[in-house]
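Only one structure is covered here, and it is reproduced in the block below.
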Number of protein chains: 2
Amino acid sequence: MREATPTSFVSAKMVAERAGVSRSAVSRTFTDGASVSEETRRKVLEAADALGYHVNHLARQLRERSNIVCLIVSDVTTPIRAGMLDILTRKLQAVGKITVVLNTEADEASVGRAMKLTLHYRADATVVLSGTPSSSLVQTALANGQEVILINRDDRLNGSENVGVDNAIAAREALFLLRRAGCERIAVVTSSARTPSLLARERHFVEAGLQEGIAIAVVEAGPTTYQSGFDAARRLFARSNPPDGVFCVTDLLALGFMDAARHEFGLRIPQNLCVIGFDNIEQAGWESYQLTTFDQPLEKIASHVVGLLVGSEPSGRGGGREAAVFEPPAIWRKSVRPLPA
Amino acid sequence: MREATPTSFVSAKMVAERAGVSRSAVSRTFTDGASVSEETRRKVLEAADALGYHVNHLARQLRERSNIVCLIVSDVTTPIRAGMLDILTRKLQAVGKITVVLNTEADEASVGRAMKLTLHYRADATVVLSGTPSSSLVQTALANGQEVILINRDDRLNGSENVGVDNAIAAREALFLLRRAGCERIAVVTSSARTPSLLARERHFVEAGLQEGIAIAVVEAGPTTYQSGFDAARRLFARSNPPDGVFCVTDLLALGFMDAARHEFGLRIPQNLCVIGFDNIEQAGWESYQLTTFDQPLEKIASHVVGLLVGSEPSGRGGGREAAVFEPPAIWRKSVRPLPA
DNA sequence: TTGAAAGCGGTACCAC
DNA sequence: GTGGTACCGCTTTCAA
């Protein structure tokens, strides 16, 4: 079987001709809940196989939904982003949706372009992992009947669904751990990518400090990368009164920070310096780091997103304004002392 | 402007009605090389904007190509895969194609399912990053006028385009570096994922050893992960006559290997042990590792792929059987001694 | 420059 | 159970 004759996509018409039946018969054969005799079905399947026919799902969408979901994302190489992408694509596939990845920069113009593509391709839904789309674009997307889901951006755009992580609770917990370790000069290392999540982690950490009457040094490191963390440590430890406990708003920053502290300044972690990260990327668990951090519950987030799309989540479309926020459990490893030094 | 009235996708017809023109006029307005009066154009654009209209690219494809490219890939979280995905999606977008990511397992059944999806969604091309599709599926894809591009799989499937990296040259170079460092007990750490690339690296390394009259110990580590590398080192150094120079077929394996060697056995790298990896993932350059490795020229690979798709590459569709193979430059860092100890 | 009409690949509804 | 027909949204003749 399978003769590989045609040079362009095989259509139902061709199959019908070859099988000596009508196009309707072909269509029915591939629609479950059909009404086809065993005989025709056999003929159709045989012809289809010989020709290498596959139903055109794109043409199908002219009547129904496309089953396409667009993922708008930047910095795909970053472990946490790759992780989100991985689990989302897998879970979406599992419910019969395909994922088109729109790889953008985080600026509004790029995200805007991506949002338009999403509309052009009639995606059932747009999931935004990075960047913030303009409110007006979200409006048109919604108006076009598309679902818009924002992940880890605390800003509520009218009508969009939001799912993310409780940054406040983690930030407070981070401060607690550092204080318990007896740290006295505490800093938070942030990123120049001032996304809602990152900002929230920083802000709540500083506020928690305020409440306990201690001043937190805020150092902005640059883009959210290993190198930025590395550079931040270099700057911090080159001056007097360096910190002995730091919360990095991202694991990647933390890992770079640790490496500089250890290899450039000979500091020992956690003896001389305690470090906490956020995300629980795979590398945080590597033997060289053993970073104490907070886990992004990717599984839960992705499940929730998929739930929203298949409509099983309580807050159906256009309905529930409630943002879903999951608690990021602390992952206790070895970069923080359990007790004062 | 923009009134957000409709509840489902806006069509050209609606725009036409609102603008008081024909559907053809709307279509022309959005096709360049049109033939529309400034006046109608204005009316159409105004109506389109008010309604939030976006041309349905899916319906468009009923006549022309879809501009969809499917990427079949497994282990997306792996840095090297994330890197490929990142650069490919960006370059494809730059030439007006969108990428649907089919996240599969590497086994033939999963890849087969993905290949079918690719056909269902009328992708112009399928790019396979992991796993090997059955030859018959490749045939039907080609027969349907789809391009099939295999990345880093040395097996030539009839009619597919191949692009990858010269594993042989790197493997030989790796042996040379280890020998020059004075290593006497040399091993290669491989993966249980016996992909063509990984196999080639192992095989050429062993052969190069043979040619120089030295026996290479082959140790199969398990899946291509950090943990596998870690475990391999544990096993190797627990027994007598452990290696003093090892080539890991993947950076991830190498990083795990290094960590176990250092933290579990107190070995110093490169003084007591030389390690070489492959891929040049970002982590290989981190201060804790400084792994000497071979670079996957992602930029070149992706450019070549895009070139094939837009037809600018010499070996046009159905034509050139020549596989494109790029040389992976050695990235000299600090995990290998420059001279014998 | 413009609108009417046909056709792209499917599905759904209609008689038969 | 089956084939004919209309329609999904768009582009492209073809006349006007």
Side-chain angles (χ1 to χ4, degrees), chain A residues 6-45 47-48 51-68 119-124 144-146, chain B residues 6-45 47-48 51-68 117-124 144-146:
Chain A
T7 168
S8 151
F9 281 104
V10 179
S11 71
K13 188 170 156 220
M14 302 180 185
V15 177
E17 277 162 11
R18 176 167 184 129
V21 298
S22 70
R23 285 156 48 196
S24 316
V26 177
S27 178
R28 280 188 213 107
T29 304
F30 292 102
T31 320
D32 29 36
S35 182
V36 213
S37 71
E38 217 28 73
E39 172 61 3
T40 11
R41 162 179 232 87
R42 197 191 47 71
K43 283 193 293 187
V44 169
L45 287 178
L51 259 26
Y53 171 72
H54 292 78
V55 178
N56 185 340
H57 285 194
L58 260 29
R60 238 213 287 250
Q61 72 72 46
L62 289 190
R63 320 190 122 273
E64 1 179 346
R65 37 205 339 232
S66 65
N67 280 325
I68 292 177
L119 262 5
H120 282 302
Y121 280 92
R122 294 301 187 256
D124 295 344
N144 276 282
Q146 200 175 68
Chain B
T7 170
S8 150
F9 281 104
V10 180
S11 72
K13 187 171 158 218
M14 302 179 186
V15 176
E17 277 163 10
R18 175 166 184 131
V21 299
S22 70
R23 288 158 46 200
S24 318
V26 177
S27 177
R28 282 189 210 106
T29 304
F30 291 102
T31 321
D32 28 36
S35 182
V36 214
S37 70
E38 218 27 73
E39 172 61 5
T40 11
R41 164 180 229 88
R42 197 190 47 70
K43 285 193 292 189
V44 169
L45 287 178
L51 259 27
Y53 171 70
H54 292 78
V55 178
N56 184 339
H57 284 194
L58 261 29
R60 226 196 317 236
Q61 72 74 46
L62 288 191
R63 329 189 110 271
E64 2 179 345
R65 38 204 338 231
S66 65
N67 281 325
I68 292 177
L117 267 183
T118 244
L119 261 6
H120 282 302
Y121 279 92
R122 293 302 189 256
D124 296 343
N144 275 281
Q146 199 175 69

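Just so it is clear: chains get the letters A, B, ... in the order the sequence lines come, proteins before strands, and each one is counted from 1.
- The shortest side-chain heavy-atom distance between B/H57 and B/Q61 does not fall under the 4.5 Å cut-off.
- With hydrogens and angles disregarded, no donor-acceptor distance shorter than 3.5 Å links the side chain of A/S27 to the backbone of A/R23.
- Not one N or O on the side chain of A/N56 forms a donor-acceptor pair closer than 3.5 Å with the backbone of B/R122.
- Looking at heavy atoms from C-beta onward, A/T40 lies out of side-chain contact with A/T29 at the 4.5 angstrom threshold.
- Using a 4.5 Å cut-off on side-chain heavy atoms (C-beta onward), A/L58 and B/I68 make contact.
- Between A/L45 and A/F30, some side-chain heavy-atom pair lies under the 4.5 Å cut-off.
- Residues A/N67 and B/Y121 are in side-chain contact: their nearest non-hydrogen atoms beyond the backbone lie under 4.5 Å apart.
- In summary, contact between chain A and DNA chain C, defined as any nucleotide atom under 4.0 Å from a heavy atom of the protein, begins and ends at C/dG9 to C/dC13 in the 5' to 3' direction.
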Contact letters for nucleotides 10-16 of chain D, in which S counts primed atoms plus P, OP1 and OP2 and B counts the base, heavy atoms under 4.0 Å: BBBB---
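- Regarding B/L62, its CG atom lies at a distance of 17 Å from the P atom of D/dC7, rounded to whole Å.
- Counting any heavy atom pair closer than 4.0 Å across all strands shown, A/S35 reaches a base atom.
- By the 4.5 Å heavy-atom criterion applied to side chains, B/H54 and B/V10 are not counted as neighbours.
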